[in-house]
Amino acid sequence: MIIDLRQCDGCQSVGKPPQCTEACIGGHYAPEPMEWIQVYEADLPGGGTQFIPTPCQQCQNPPCTNLCPVGATFSTPEGVVLIDQERCIGCRICMEGCPYDRRFFNWGEPPQPAEAKLAQYDPENESPAYKGTVMKCDFCPHLARAGRRPYCVQACPNGAIYYGDLEEDLATNGSHVVAFSRFISENAAYRLKEHLGTEPRVFYIPGSGQQVGRDPRRVGRKATEWPWQVAPGSAQWRRDGAG
Amino acid sequence: MRVGAGWSVSEPAQARVHAPAEWRERLEQRVLAPLAGTGWRYWAWLAFLLVVIAWALYAYSRQLEYGLIVAGVRDRISWGLYIICFVFFIGISHAGTLLSAILRATKARWQLSITRMAELITVVALLVGALFPFIDMGRPERIFNLFIFGRWQSPLMWDILAITTYLTGSTIYLYLPLIPDFARCRDRLGPTAARWKRWFFATAALDWNGSAEHRQTLEAAMTIMMIVIIPVAVSVHTVVSWIFAMSLREPMNSTVFGAYFVAGAIYSGIAAIIVLMAVLRKLLHLEEYITRTQFVNLGYLLGAFTLIMLYFNLSEYAVTGYKMAEGTPFNFQQLMVGPLAPLFWFYILGSIALPGLIILYPRTRTVSGVVVAAVLALVGMWIERYLIVVGGFRVPLMPYQPASYSPTWVEWSILAGAFALFALIISVFAQLFPVVSLWEVIEHRGPEPVPEAAGVRGAGRLQVGPLPERSTL
C-alpha cells in the first residue's frame with residue numbers, strides 16, 4: 001500500500017469525516033470506537049499539520065505475530081497479517097508489541113449492528129466481532145480475491161491510497177496504475193518508524209494535502225461517526241481510557 | 001557425607017549443636033501450639049478473609065459476564081492492575097530462594113528459624129501471582145489454546161514454563177525440610193488428637209525415623225533442590241521482565257530489564273519475609289527464636305539491595321536520559337514532574353533511599369526500624385510495577401493525546417481478594433504446619449545468642465550463628 005500524503009486533506013475539502021475510515025467501518029462493521037484506518041493529524045516542523053491515514057502497517061517483521069502465544073495472529077503467504085478471533089485468548093501482548101497503536105480490543109460485547117452477526121466468520125473478514133479478542137485492519141483480502149480494492153482505497157475522494165502486490169510491483173488507486181518500486185523511489189516514500197526494523201508494507205509519500213489545495217495551517221478534521229446506533233456501553237469504551 | 005560424585009554436604013548426620021533439653025522442649029511447645037488449637041480470633045480472621053475473597057469472586061463474575069469493559073484498561077493502556085499484581089507477587093516469591101537456597105548454599109545459620117516462612121511465601125506468592133494472567137485474559141475459557149496451539153516463540157509461554165517449574169521446585173523445597181517436622185508432630189500427637197490429624201502427619205512424614213540413612217537421603221535431596229532452585233528463580237523473573245522488554249515501546253525496550261527485575265524481585269522478597277516474620281513472631285509469640293539477629297541481618301540484605309536498586313535505576317535513567325531519544329522526553333516528563341511524579345519520587349526516595357538510610361543509621365537499625373523499611377520497600381515495589389506498566393503504556397506511539405488509566409472497583413476488589421487469598425493460605429498453613437523448621441533450628445542453630453552478652457557496643461554488628469567446624473565443599 002502507498003499513501004500519497006500530498007493528496008490527503010483529511011477530507012476537509014468534502015466537509016466530511018475521513019471517508020477511508022468511514023468506508024472501512026461500514027464495510028467491516030468495525031465496532032465503535034475502532035478506527036482500523038485512523039487519520040492522525042501530526043504537527044509539521046514549520047507550523048500547521050499534515051494528515052496521516054494509518055492502517056495496520058502489515059509489517060514484514062511483525063512484532064505482534066512474534067509475541068502471540070497461540071498463533072492467533074499470523075502472516076499469510078500473500079503478505080498480510082491477520083487475526084483469528086476464534087483462537088485469540090485475549091492476552092493483549094500483541095497490543096503491547098504493536099509500535100503503531102493499530103490493534104483494537106473488544107472490551108465488552110462488540111458494538112456492532114445486528115446484521116454483522118449474520119456473516120460467516122473468517123479471519124479475512126473479521127465479522128462478526130468476538131468479545132474479548134483483538135481486531136485490526138486486515139488489508140481486505142476477501143475483496144482482493146474478488147478483484148476489488150479495499151474499502152478505504154475505494155472510498156478516498158482524492159485517490160490518495162494505492163493498493164497492489166509487492167511481487168507484481170504494481171499498485172492502483174482505482175484511476176491510475178503505478179509501477180510500485182519506481183513510484184516510491186521517485187517520490188522519496190518513507191515508512192513509519194523505519195528505525196524499528198518492522199519493515200512495514202505501507203509506504204508514505206510525504207505531503208500535507210498540497211496537491212488538493214490544502215493549506216497546512218487549516219487544522220482539524222471532522223470526527224469519525226459510526227453509521228449505526230448500538231451498544232449503549234460504547235460511550236465508556238474510549239480507546240484512551242478517559243471518560 | 002557424599003552426594004553424587006563431587007558434591008558433599010557440610011552437615012554430618014548427627015546433631016551438632018547440643019541444645020539444652022529445656023530450651024528444646026519450650027521451642028517445640030511454642031511452635032507446635034497453634035497446631036493443637038486456636039481461639040475465636042483466628043476463625044474471625046479466616047471469616048474476614050473469606051468475605052473479601054467472596055467479594056473478589058463476585059467482581060470477577062461481573063468481568064466474566066460483561067468482559068474487561070468493567071476494568072479500567074482500554075486499548076492504549078491495555079494492561080493494568082492485574083499485570084502489576086502478577087509481577088508483584090511473582091517478585092515476592094523470590095523470598096524463599098534467597099533465604100533458603102542462597103543463604104543455605106553459603107552455609108549461613110542465622111536464617112534457619114525463618115526459612116520455612118520464606119519458602120512458604122514463595123509457594124503462596126507463586127500460586128496467587130500465577131492467577132493474574134488468567135484473570136487478565138479476555139477469553140479465559142480458551143485457556144487450553146495455550147496447550148493446543150502454544151508457541152515457544154512467545155514470552156508468555158516462557159512465563160508459563162518458568163513459573164510452573166519454579167512452583168513445582170519450590171513446593172518440593174518447602175516439603176522436604178517439613179518431613180522431619182511432620183514426623184515430630186506424628187510422634188508428639190496425643191491419643192486424643194483427631195484421627196485425620198494422626199493420619200495426615202503419619203502420611204506426610206513418609207515413615208521418617210531419623211536414622212542416618214534417612215538423614216543422608218533428605219540432606220542430599222535438599223542440597224540438589226537448593227542448587228537447582230537458584231537458576232530457576234533467576235529465570236522466572238527474567239522472563240517476567242521479557243513480556244515487557246520484548247516490545248518496541250520506548251521505556252520497556254531495554255536490555256537491562258531482566259537483571260533489573262531479578263534485583264527488584266529479591267528486594268521485594270526480602271521485604272515480604274521481614275513483614276511476614278514480624279507478624280507471625282508477634283501472633284505466635286516466637287520472640288525467643290526470631291530475634292533482633294534475624295531482623296538486622298535481613299535488614300543488611302535489604303540495605304545492600306537498596307544500593308543495587310539505585311544502581312539499576314541510575315543505569316536505566318542515566319543512559320536513556322543522556323540520549324533523550326524519541327519517547328524519552330515524554331517518559332521523563334511524566335515520571336519526574338508529570339502525573340506520575342508523586343509515585344515516582346515515592347518509589348525512588350521513599351522506598352529505596354529511605355529504607356537504605358534506615359538500615360545505615362545504627363539508631364534506626366532496630367526490629368521496628370527494619371520492619372518500617374520493609375513495608376516501605378514493599379509498597380514502593382508495587383508502585384514500581386505500576387510505573388513500568390502504566391507509565392510504559394502511556395507514552396504515545398502516534399500523534400494522539402496521552403491516555404489515562406483509572407482502575408475500577410472490579411480491579412481493586414480482585415486485588416484485595418488476591419491479598420486476602422495470600423493471607424488465607426498463609427494463615428491456614430500456620431495452623432496446620434510448624435512455621436519454624438524445628439529440626440533445623442534444634443540441630444544446626446541452637447538457642448539464639450543473646451545480644452547483650454556481646455556487649456551493647458556490638459549489638460549492631462552482624463550476628464552469625466555457630467559456624468560449621470570445617471567446610472568440606
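Because only heavy atoms are used, hydrogens play no part in the values below, and waters and symmetry mates are left out as well, while side chains stay in. First the proteins, then the strands, lettered A, B, ... as listed; each starts at 1.
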Relative to chain B, which segment of [X] carries a heavy atom at a distance below 4.5 Å: side chain, backbone, both, or neither?
| X | value |
| --- | --- |
| A/F104 | both |
| A/Q38 | side chain |
| A/C64 | neither |

Taking all atoms of both residues into account, what is the closest heavy-atom pair of [X] and [Y], and its distance?
| X | Y | value |
| --- | --- | --- |
| B/L248 | A/P63 | CD1-CG, 3.8 Å |
| A/G97 | B/S247 | CA-CB, 4.1 Å |
| A/V70 | B/N145 | CG1-O, 3.6 Å |
| B/R249 | A/E96 | NE-O, 2.7 Å |
| B/R74 | A/W237 | NE-CA, 3.9 Å |

To the nearest 0.5 Å, tell me how far [X] [atom1] sits from [Y] [atom2].
| X | Y | atom1 | atom2 | value |
| --- | --- | --- | --- | --- |
| A/D101 | B/D75 | CG | CG | 7.5 Å |
| A/L192 | B/L397 | CG | CG | 11.5 Å |
| A/C91 | B/L156 | SG | CG | 4.5 Å |
| A/L67 | B/W242 | CG | CH2 | 13.5 Å |
| B/F149 | A/D84 | CZ | CG | 8.0 Å |
| A/I89 | B/I143 | CD1 | CD1 | 8.0 Å |

Answer whether the closest heavy-atom distance between the side chains of A/P69 and B/L146 falls below 4.5 Å.
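Touching, per the 4.5 Å side-chain cut-off.
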Could you tell me which portion of [X] (side chain, backbone, both or neither) has an atom closer than 4.5 angstrom to a non-hydrogen atom of chain A?
| X | value |
| --- | --- |
| B/E250 | neither |
| B/F393 | side chain |
| B/F134 | neither |

Can any side-chain N or O of [X] pair as donor or acceptor with the backbone N or O of [Y] at less than 3.5 Å?
| X | Y | result |
| --- | --- | --- |
| B/S78 | A/M95 | no |
| A/R92 | B/D136 | yes |
| B/R142 | A/C88 | yes |
| B/R151 | A/T65 | yes |
| B/R139 | A/K131 | yes |

Using side chain to side chain contact (heavy atoms under 4.5 Å, CB included), reason through A/R102 and B/M398 one step at a time and then give a plain yes or no.
CA-CA 10 Å; A/R102 287 298 84 203; B/M398 297 296 290; 5.7 Å; no
[X], [atom1] atom: more than 12 neighbouring heavy atoms under 6.0 Å:
| X | atom1 | result |
| --- | --- | --- |
| B/F144 | CZ | no |
| A/K117 | NZ | yes |
| A/E194 | CD | yes |
| A/K222 | NZ | no |

Please evaluate residues A/D240 and B/Q401 with respect to the criterion side chain to side chain contact (heavy atoms under 4.5 Å, CB included), reporting the C-alpha separation (whole Å), side-chain torsions for both, the decisive distance (0.1 Å), and the verdict.
CA-CA 8 Å; A/D240 61 3; B/Q401 289 301 307; 5.7 Å; no
Just give me the residue among B/W79, B/F147, B/W152 that pairs up with chain A most often, heavy atom to heavy atom, under 4.5 Å.
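Most pairs with chain A among the choices: B/W79.
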When only pairs under 4.5 Å are counted, which of A/L196, A/N106, A/I93 shares the most heavy-atom pairs with chain B?
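Answer, by heavy-atom pair count under 4.5 Å with chain B: A/I93.
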Most contacts with chain B, counted as non-hydrogen pairs under 4.5 angstrom, among A/P99, A/G197, A/G108
A/P99
Chi angles and distances behind the side chain to side chain contact (heavy atoms under 4.5 Å, CB included) call for B/V73, A/W107:
CA-CA 9 Å; B/V73 280; A/W107 297 100; 3.5 Å; yes
